[in-house]
Visitor: 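Got a structure here, written out as structure tokens. Questions coming.
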Number of protein chains: 2
Amino acid sequence: MSEVRRNTRQRQVILRAVRELGCHPTAEQVYDRVRSELPRTSLSTVYRNLGVLADQGLLSTVAGAGKEVHYDHNREEHCHIRCSLCGRICDVDIFPSDMEGFPPEDLSGFILQEVSINLVGICPACSGKMEKEKTV
Amino acid sequence: MSEVRRNTRQRQVILRAVRELGCHPTAEQVYDRVRSELPRTSLSTVYRNLGVLADQGLLSTVAGAGKEVHYDHNREEHCHIRCSLCGRICDVDIFPSDMEGFPPEDLSGFILQEVSINLVGICPACSGKMEKEKTV
DNA sequence: ATTATAATAGTAATAGTTCCTATTACTGAT
DNA sequence: ATCAGTAATAGGAACTATTACTATTATAAT
Ligand SMILES: [Mn+2]
Ligand SMILES: [Mn+2]
Ligand SMILES: [Zn+2]
Ligand SMILES: [Zn+2]
């Protein structure tokens, strides 16, 4: 009756990869990392398991940041800022006090399920590069 | 020297389609609409012109709401709520007072370029349907 | 150990979008 | 009016991220 979920080596390694890569990897990046440990792992296995792990709440997805989905082992509520030049994604701490009175009452009759805030900007590395290029 | 942009029939019709369709159409929906008036228009022409129009600031894109990009003729600053069941997107009015103190100061050294807030929920039509199904 | 089936590798298929190329149609100058 | 230069076009190929399919394998419960 119960959901008989097997604890496969692949799934363990995939979850560990997301945790160790840290900075919001894509499926492809997870795949590369996993293959350095389990070279026979397929990309579909990576996608399937990222999905399973997300279902289980062991990780979350960061969508709407470029066209690839990114994965996040950090399960605390937080939002993200993405570099428009290199695509890097960083966490932004956001406190309840920042969000007072939000979202607004009138949601056109919608029942609210989730709020996602995505910032876009230029990361320190990229703005550093731009400075250098100017002086050349 | 200046950007000699032609005002083609296709581009006019595409912009009008976005305006008349109103509720944040996808490229495909614009395409269907445009073809009812200019049947020989190609999908690439629609994509290209939606891009051009966005560049010109005549419309904006709503990304991160499902996997398709949606287009918006409403040029005022506002955010969106998407129905997780049917994908419908509606405007949410958001006032400066709702956003006081946001975003936070500390952005990990990023230079902020834009803020996008996306809500997800269940639209009135879909929640209505769910009620009906329950009573059957 | 046997069994039942969840999970896998490998590959095909899909969706949304972008790129490419030959052709068309404005625009502006002769 | 003719012509040259070049945006813009149609049509289709290519691309990218993701999902679906299928035969095989590995795991957990008995
Ligand atoms: Mn994060
Ligand atoms: Mn809108
Ligand atoms: Zn960057
Ligand atoms: Zn709905």
Side-chain angles (χ1 to χ4, degrees), chain A residues 1-18 21 24-56 58-72 82 87 89, chain B residues 1-18 24-56 58-72 82 86-87 89:
Chain A
M1 277 298 105
S2 63
E3 313 212 345
V4 191
R5 276 252 128 89
R6 292 186 204 156
N7 191 13
T8 58
R9 184 123 183 71
Q10 283 91 337
R11 185 133 68 225
Q12 291 165 22
V13 174
I14 288 167
L15 178 55
R16 186 147 41 78
V18 176
L21 284 167
H24 311 96
T26 62
E28 195 78 33
Q29 291 169 325
V30 174
Y31 175 63
D32 289 344
R33 172 77 167 223
V34 166
R35 282 180 73 93
S36 71
E37 185 167 343
L38 287 178
R40 312 212 33 181
T41 308
S42 75
L43 183 55
S44 12
T45 295
V46 171
Y47 271 106
R48 185 170 6 84
N49 280 298
L50 288 171
V52 169
L53 292 165
D55 279 350
Q56 294 178 332
L58 293 171
L59 49 79
S60 63
T61 59
V62 184
K67 54 188 63 175
E68 295 154 282
V69 172
H70 294 248
Y71 296 85
D72 193 345
R82 173 177 54 91
I89 293 174
Chain B
M1 276 300 105
S2 64
E3 314 213 344
V4 192
R5 275 255 129 89
R6 292 188 205 153
N7 191 13
T8 57
R9 184 124 183 70
Q10 283 90 338
R11 186 134 68 224
Q12 291 165 21
V13 175
I14 287 166
L15 178 55
R16 186 148 40 77
V18 175
H24 311 96
T26 63
E28 194 77 34
Q29 291 171 326
V30 174
Y31 175 64
D32 289 344
R33 173 78 168 223
V34 167
R35 282 180 73 94
S36 71
E37 187 168 341
L38 288 177
R40 310 213 33 182
T41 308
S42 74
L43 183 54
S44 7
T45 295
V46 171
Y47 271 107
R48 184 171 6 85
N49 280 298
L50 288 172
V52 169
L53 293 165
D55 278 350
Q56 294 179 332
L58 293 171
L59 49 79
S60 62
T61 58
V62 184
K67 53 188 64 176
E68 293 153 283
V69 172
H70 293 249
Y71 296 86
D72 194 344
R82 173 177 54 90
C86 70
I89 293 174

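Within every chain, numbering begins at 1; the chains are lettered A, B, ... in the order of the sequence lines, protein sequences first and strands thereafter. Just so you know, these numbers use all the heavy atoms, side chains as well, and skip hydrogens, waters and symmetry mates.
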Visitor: I need the CG-C1' distance between A:N49 and C:dA6, as an integer number of Å.
Guide: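 Going from A:N49 (CG) to C:dA6 (C1'), I get 11 Å.
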Visitor: Using side chain to side chain donor-acceptor pair (under 3.5 Å) as the criterion, list what pairs up with A:Y31, not counting sequence neighbours.
Guide: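 Applying side chain to side chain donor-acceptor pair (under 3.5 Å) to A:Y31 gives A:R35.
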Visitor: Rounding to a whole Å, what distance do you find between B:Y31:OH and D:dG12:C1'?
Guide: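 My rounded result for the distance is 12 Å.
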Visitor: Is any side-chain N or O of B:R11 closer than 4.0 Å to OP1 or OP2 of D:dA7?
Guide: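 B:R11 to D:dA7 OP1/OP2: no side-chain N or O under 4.0 Å.
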Visitor: Scan residues 45-56 of chain B for pairs that pass side chain to side chain donor-acceptor pair (under 3.5 Å), counting only residues two or more places apart or in two chains.
Guide: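 Counting only pairs at least two positions apart or across chains, the side chain to side chain donor-acceptor pair (under 3.5 Å) contacts touching residues 45-56 of chain B are B:R11-B:N49, B:S42-B:T45, B:T45-B:R48.
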Visitor: Quick one: ring-ring contact (aromatic ring centres under 6.0 Å, His included) partners of A:H24, sequence neighbours excluded?
Guide: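 Only A:H80 meet the ring-ring contact (aromatic ring centres under 6.0 Å, His included) criterion with A:H24.
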Visitor: Between A:R40 (CZ) and C:dT11 (P), how many Å, whole number?
Guide: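 Atom-to-atom, A:R40 to C:dT11, this comes out as 11 Å.
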Visitor: Could you run down nucleotides 18-30 of chain D 5' to 3' and tag each one B, S or - for protein heavy-atom contact under 4.0 Å?
Guide: BBB-----BBS--
Visitor: List for me each residue that meets side-chain contact (heavy atoms from CB on, under 4.5 Å) alongside B:T26, sequence neighbours excluded, and say none if there are none.
Guide: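 Listed in chain order: B:E28, B:Q29, B:E68, B:H70.
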Visitor: I want to check something: taking the side chain as every heavy atom from C-beta on, are A:L50 and A:V18 in contact at a cut-off of under 4.5 Å?
Guide: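 Result yes, sub-4.5 Å side-chain heavy-atom pair found.
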Visitor: Please give me the minimum heavy-atom distance between A:R82 and A:G87, naming the atom from each residue.
Guide: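 Smallest interatomic distance, heavy atoms only, reads CG-O, 3.8 Å.
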Visitor: Can you check whether A:R5 reaches A:V52 side chain to side chain, under 4.5 Å on heavy atoms?
Guide: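 The answer is yes; the side chains approach within 4.5 Å.
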Visitor: Using five pairs at each end of the helix from C:dA1-D:dT30 to C:dT30-D:dA1 to define an axis, what is the angle between those two axes, to 10°?
Guide: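 Nearest ten degrees gives 30° for this helix.
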Visitor: Mind checking what makes side chain to side chain donor-acceptor pair (under 3.5 Å) contact with A:R16, not counting sequence neighbours?
Guide: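 Here the qualifying residues are A:E37.
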